[in-house]
Amino acid sequence: MNIGILISGRGSNMVSIAEAVISGNIPGAKVSVVISDKATAPGLTSAASLGIKAITIERFGRSREEHDKEIISELKNNEVELVCLAGYMRLVSPLFVSTFEGRIINIHPSLLPQFPGLNAQRQAIEAGVRETGCTVHYVDELLDHGEVILQRKIEVLPDDTEETLSNRLIKLENKTYVEALQQLVNRQN
Ligand code: GRF
């Protein structure tokens, strides 16, 4: 299965997926392309150093749909069958969703439907929950919405700050995304 990964920043989930693919831990999967909507995304360098084609398709002042058209065509040129959003900070357009219907997935740092949107870890701290986690889910036209594929939980410690919680949670996310892909790819084979 050819995977295309969309990022906007650090790219630790992308690296985790790419390393799992390279080491044969997601049999049958290949990362064909990594696309960032920001030229400054540190994840671009990490992808390139793993030998993965890494490109930028800037948002500029374009509409969501115009921007997505260029991304769709790049994904198609690379024969991408599954799109993984990994810290991609832009809502995808209805055109994007219908082009890759049922073949776009995302990771979010909360137990959806709790705490959608930005700063999910801060939202968890402020809500005073004892437990949060991460969710890998199919992407539809709504933000952080769509059928859940896999959720993993983590305890919120009494002295946790947004930073300490985020640091623990990202490690769980990195593992959970790979696990979800193992399940999905397995189902296709
Ligand atoms: C992760 O917390 C992810 O759940 C959220 O954005 C962050 C991206 O981190 N959507 P990274 O770029 O994968 O390191």
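What you are looking at is a predicted structure, and each value in this text was computed from that prediction instead of being measured. Nothing fancy with the numbering, it's 1 onward along the sequence. Atoms within a ligand are numbered from 1 in the order they appear, just like the ligands themselves.
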Name the closest protein heavy atom to [atom], giving the residue it belongs to and the distance to 0.1 Å.
| atom | result |
| --- | --- |
| atom 10 (N) of ligand 1 | Ile107 O, 3.3 Å |
| atom 9 (O) of ligand 1 | Arg10 NH2, 3.2 Å |
| atom 11 (P) of ligand 1 | Ser12 N, 3.4 Å |
| atom 3 (C) of ligand 1 | Glu173 OE1, 3.1 Å |
| atom 12 (O) of ligand 1 | Gly11 N, 2.8 Å |
| atom 6 (O) of ligand 1 | Gly87 CA, 3.6 Å |

Between Ser93 and Glu65, a side-chain donor and acceptor under 3.5 Å: no
Distance-only donor-acceptor check, side chains Ser63 and Glu66, under 3.5 Å: yes
CA sep, side-chain torsions, deciding dist, call: Arg90, Asp37, salt bridge (Lys or Arg N to Asp or Glu O under 4.0 Å): CA-CA 8 Å; Arg90 196 168 211 208; Asp37 64 338; 5.5 Å; no
Give me the atom names and distance for the closest heavy-atom approach of [X] to [Y].
| X | Y | result |
| --- | --- | --- |
| Val31 | Ile52 | CG1-CG2, 3.9 Å |
| Leu165 | Glu155 | CD1-O, 4.4 Å |
| Ile71 | Phe96 | CG2-CE1, 3.8 Å |

Whether Pro109 lies under 4.0 Å from ligand 1, heavy atom: yes
